[in-house]
There are 2 protein chains.
Amino acid sequence: MFTTTTSTPVLDARTARPSPASVSADPFQTIDHIGLAVTEFRYRRDEEIYGEDEPAEYVYQVRSGAVRSYKLLSDGRRQIGAFHLPGDVFGLASGEVHRLTAEAIADTRVRFVRRESLEHAAERDAGVARSLWAITAGDLRHAEDHMLLLGRKTATERVAAFLLEMDRRLASAKMLALPMSRRDIADYLGLTLETVSRTLSQLHAQGVLDFAGARHIALRNRHSLHRMNA
Amino acid sequence: MFTTTTSTPVLDARTARPSPASVSADPFQTIDHIGLAVTEFRYRRDEEIYGEDEPAEYVYQVRSGAVRSYKLLSDGRRQIGAFHLPGDVFGLASGEVHRLTAEAIADTRVRFVRRESLEHAAERDAGVARSLWAITAGDLRHAEDHMLLLGRKTATERVAAFLLEMDRRLASAKMLALPMSRRDIADYLGLTLETVSRTLSQLHAQGVLDFAGARHIALRNRHSLHRMNA
DNA sequence: CGTCCATTTGAGGTGGATCAACCCTAGTGG
DNA sequence: CCACTAGGGTTGATCCACCTCAAATGGACG
């Protein structure tokens with residue numbers, strides 16, 4: 001309700017593009033009690049939102065679509081650290097630069113605020129400070145779980161964990177509508193896309209899930225997925 | 001259980017070097033200034049400091065020795081998320097419970113404060129709040145780097161990364177004095193202890209490092225380790 | 001100086017990667 | 001509304017980095 005319209009923010013020259021920045025009626029849920037300028041922006045499929053080691057000027061929230069955050073090795077190997085789905089806040093670095101690259105998986109709408117204004121608000125309002133900390137702590141918890149998955153789980157356990165995570169986070173109808181490709185899933189789970197595909201086929205053969213096109217999956221037996229997740 | 005020596009010791013600059021996870025963000029330093037009760041305690045080798053899912057009552061700082069934080073799967077597979085060395089703060093959960101188990105690797109002295117008092121201090125002092133956030137953000141950054149290692153790096157790259165991390169963090173003399181076993185290293189790197197041992201032997205054969213007993217390693221060629229780390 | 005466990009080394013096995021077709025389907029344009 | 005097609009997805013065959021199982025070695029500590 002305190003939301004104000006700012007001019008289209010200056011973005012990195014490579015990622016900047018004309019787009020109508022519409023006024024949002026409701027600010028980020030975590031900071032909704034303070035009057036910060038919140039702006040909207042759209043990114044097309046595969047468009048970069050920010051790059052690793054770029055100054056962290058903005059903090060984002062997904063409104064629709066999906067985002068992947070990843071790190072690359074020099075030879076192109078990629079590790080996706082997290083998928084950001086509608087409602088998720090991302091790009092909140094406590095430091096000066098982003099530690100991962102963020103890209104739109106599909107056409108995506110985001111809202112964002114300047115990191116600086118959030119930090120100023122946190123200096124004045126302990127509740128805001130607590131919120132920022134809680135978001136980072138939530139990301140850390142996810143990363144800790146994911147380290148266990150990447151370091152110690154089998155391919156089947158990883159895929160089961162992925163399906164359960166998406167089921168929990170996308171929980172729309174009975175059908176999971178996955179926005180990401182098999183390659184994205186593989187790079188999230190530390191596998192190859194072939195292994196992801198084979199494992200999903202195997203789960204289908206076991207009657208654990210049904211397909212309605214490769215990216216629409218219905219979980220038929222969550223209990224056995226939980227058992228598989230070790 | 002907590003028969004302790006109450007004290008408000010001045011942080012020793014030698015033993016409390018800034019941890020990579022919390023550069024210039026030491027709540028214990030702040031606490032010394034605002035006069036919170038800080039207590040010391042000693043744990044023996046392999047003793048548990050806190051368990052996964054236990055209420056997070058205290059926040060700790062290593063004074064001497066070393067600590068491992070890990071998660072277990074039901075069949076005993078273990079993933080160590082981090083090693084905590086002198087100066088490091090650990091056990092700082094923003095939530096109500098610990099997400100990992102912490103154990104002393106060797107005989108270890110720690111200081112601790114009640115999480116509650118830190119959080120109360122954070123409500124009054126934005127600097128403390130910033131410190132707590134910065135520590136969690138540092139842990140997150142470490143976890144993000146470690147996900148890349150666990151998901152995408154080869155055995156040689158992992159071992160090289162481990163050696164460089166330890167070199168940076170416990171660089172005392174020219175010799176690394178590793179407090180942890182090959183099994184601990186393996187569970188940190190998502191490998192088996194045999195693979196860690198073989199890889200170290202190989203690096204020794206290549207003249208990259210020298211041994212003075214299995215746990216005392218001198219890096220002879222940091223440049224080639226950096227190259228190996230991809 | 002002997003014992004015990006951590007570590008090293010060896011030999012063989014395997015889960016997932018790689019290389020290679022082929023298939024499907026969502027999106028496009030007619 | 002249908003036909004076409006490119007790119008995502010599936011499946012098959014083979015390979016290999018790392019794991020597993022096994023045994024020898026060594027170094028820390030009494």
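In the text below, chain A, chain B and the rest are named by the order of the sequence lines, each starting its count at 1.
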Give a yes or no on this: more than 12 heavy atoms of other residues, nucleotides or ligands lie within 6.0 Å of atom CZ of Arg215(A). yes
Suppose we screen for ring pair (Phe, Tyr, Trp, His ring centres under 6.0 Å). Which residues come up paired with Tyr70(A), at least two apart in sequence or across chains? none
Are the aromatic ring centres of Tyr188(A) and His146(A) under 6.0 angstrom apart? yes
Rounded distance in Å - CD (Gln202(B)) to P (dT7(C)): 19 Å
Does the ring centre of Phe211(B) sit less than 6.0 Å away from the ring centre of His216(B)? no
So if I define the base as every atom that isn't primed, P, OP1 or OP2, how would nucleotides 10-25 of chain C read as a B/S/- string at a heavy-atom cutoff under 4.0 Å? BB----SSBB------
Answer with base, sugar-phosphate or nothing: what part of the nucleic acid does Ser197(B) contact at a heavy-atom distance below 4.0 Å? base
To the nearest angstrom, how far is Phe211(B) atom CZ from dT8(C) atom C1'? 10 Å
Test log, rule side chain to side chain donor-acceptor pair (under 3.5 Å), inputs Tyr50(A) and Glu103(A): CA-CA 7 Å; Tyr50(A) 54 77; Glu103(A) 272 176 10; over 6 Å; no
Take atom CZ of Arg183(B) and atom C1' of dT7(C), then tell me their distance rounded to the nearest Å. 12 Å
Test of understanding: with side-chain hydrogen bond (donor to acceptor under 3.5 Å, both in side chains), list the residues that count as partners of Thr199(B), not counting sequence neighbours. none
Heavy atoms from other residues, nucleotides or ligands near CZ of Arg227(A) exceed 12 (cutoff 6.0 Å): yes
Sorted by chain and residue number, the side-chain hydrogen bond (donor to acceptor under 3.5 Å, both in side chains) partners of Thr101(A) (sequence neighbours excluded) come out as none
Bending between helix ends of the helix from dC1(C)-dG30(D) to dG30(C)-dC1(D) [5 pairs per end, 10° resolution]: 50°
Just the rounded figure in Å: distance from P of dA26(C) to CG of Asp107(A). 17 Å
Verdict with reasoning, Arg182(A) to Ser197(A), per side chain to side chain donor-acceptor pair (under 3.5 Å): CA-CA 7 Å; Arg182(A) 295 293 187 264; Ser197(A) 178; 5.0 Å; no
In Å and rounded to the nearest 0.5 Å, what is the CZ to CG distance from Phe90(B) to Asp139(B)? 11.5 Å
How about Arg45(B): does its CZ atom have over 12 heavy atoms from other parts shown lying under 6.0 Å from it? no
Walking along DNA chain D from 5' to 3', note the first and the last nucleotide with an atom under 4.0 Å from a heavy atom of chain A, and give both. dG8(D) to dA13(D)
